[in-house]
Amino acid sequence: MGLLDFARDIGHKLFSNEDEAPTKITQHIEENNPGISDLQVSVEDGVATLSGSADSAAAREKAILMAGNTQGIASVVDNISAPEETSNVTYYVVEEGDSLWTIAEKTLGNGAKYEQIFEENKEVIQNPDLIFAGQKLRITQA
């Protein structure tokens, strides 16, 4: 599963039908603005297409994660212009029983670094105690 592929049947339930999906996903991203301007969202058959301009590669990736971690979205087509990524970034798919502590142990070698994962994904995770299996997170390696 790459950054642009997601589990369609899990995630935050933002919309009841695909007709309202573009508006609801746009609102979700703009309310938790990761640095995207001129955001345009369309959705067809579970595929969300995002376009606009991002302040950074991280902002672009967070917008993709916010859309993709939405129930009903299977993949995201990225048409967002952004600067190139300069950090060593990986993506982690939350497994059943994971906590941010265990994810930090697995990915960063130290569970105490869970706060780094939360801070890096605060637009994607509103509550550090409410992550779900199948959710995709952005992890920056030192």
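Each residue takes its place number in the sequence, starting with 1. Keep in mind that this is a model prediction, so the values were computed, not measured.
Qualifying side chain to side chain donor-acceptor pair (under 3.5 Å) partners for Glu123, counting only residues two or more places apart in sequence or in other chains: Lys62. Residues satisfying the side-chain contact (heavy atoms from CB on, under 4.5 Å) criterion with Asp19, sequence neighbours excluded, are Asn17.
To the nearest 0.5 Å, atom NZ of residue Lys113 and atom CD of residue Glu119 are 15.0 Å apart. With rounding to the nearest 0.5 Å, the separation of OG in Ser87 from CD in Glu120 is 8.0 Å. Between the CD atom of Glu18 and the OG atom of Ser42 there is a distance of 9.5 Å, given to the nearest 0.5 Å. Separating the CG atom in Asn79 from the OG atom in Ser53 is a distance of 12.5 Å, to the nearest 0.5 Å. How far OG of Ser99 is from CG of Asp129: 9.0 Å, rounded to the nearest 0.5 Å. How far CD of Glu61 is from NZ of Lys136: 11.5 Å, rounded to the nearest 0.5 Å.
For Ile29 against Pro34, the heavy-atom pair with the smallest separation is O-CD, 3.6 Å. Here the closest non-hydrogen pair linking Leu137 and Leu65 is C-CD1, 4.3 Å. Across all their heavy atoms, Gln135 and Ile10 have their closest contact at N-CD1, 4.1 Å. Annotation for Asn127 and Ile125: closest pair O-CG2, 3.1 Å, computed over non-hydrogen atoms. Looking at every heavy atom in both residues, Phe6 comes nearest to Val76 through CE1-CG2, 3.8 Å. When all heavy atoms of Ala104 and Gly111 are compared, the closest pair comes out as CB-O, 3.7 Å.
When hydrophobic clusters are built by joining Ile, Leu, Val, Met, Phe, Trp and Tyr residues whose side-chain heavy atoms come closer than 4.5 Å, directly or via intermediates, Ile103 is grouped together with Phe118. Tracing side-chain contacts under 4.5 Å through hydrophobic residues (I, L, V, M, F, W, Y), one never reaches Val77 starting from Phe15; they form parts of separate clusters. Note on Ile139: it clusters hydrophobically with Trp101, by side-chain heavy-atom contacts below 4.5 Å among ILVMFWY residues.
With contacts defined as side-chain heavy-atom distances shorter than 4.5 Å, the pair Glu44/Val47 does not qualify. Between Thr23 and Gln27 the shortest side-chain heavy-atom distance falls below 4.5 Å. Using a 4.5 Å heavy-atom threshold, the side chains of Ile25 and Val43 count as touching. Residues Gln40 and Leu50 form no side-chain contact, since every pair of their non-hydrogen atoms from C-beta on lies 4.5 Å or further apart. Using a 4.5 Å heavy-atom threshold, the side chains of Asp78 and Thr49 count as separate. Here the side chains of Gln141 and Thr90 are in contact, with some heavy-atom distance below 4.5 Å.
Side-chain atoms of Glu105 and Tyr114 include no donor-acceptor pair closer than 3.5 Å.
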Derivation and outcome, side-chain contact (heavy atoms from CB on, under 4.5 Å), residues Asn88 and Thr140
CA-CA 6 Å; Asn88 182 13; Thr140 302; 5.8 Å; no
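Ring-plane geometry between His12 and His28 is classed as tilted, the angle between the planes lying from 30 to 60 degrees on a 0 to 90 degree scale.
Salt-bridge formation is detected for the pair Glu85/Arg138: a Lys NZ or Arg NE/NH1/NH2 atom is positioned less than 4.0 Å from an Asp or Glu carboxylate oxygen. One finds a salt bridge joining Lys106 and Glu95 here, because a Lys/Arg side-chain nitrogen approaches an Asp/Glu carboxylate oxygen to under 4.0 Å.
Thr102 places no side-chain N or O within donor-acceptor distance of the main-chain N or O of Asp98, the cut-off being under 3.5 Å.
In Glu96, the CD atom is not crowded: 12 or fewer heavy atoms of neighbouring residues, nucleotides or ligands sit closer than 6.0 Å.
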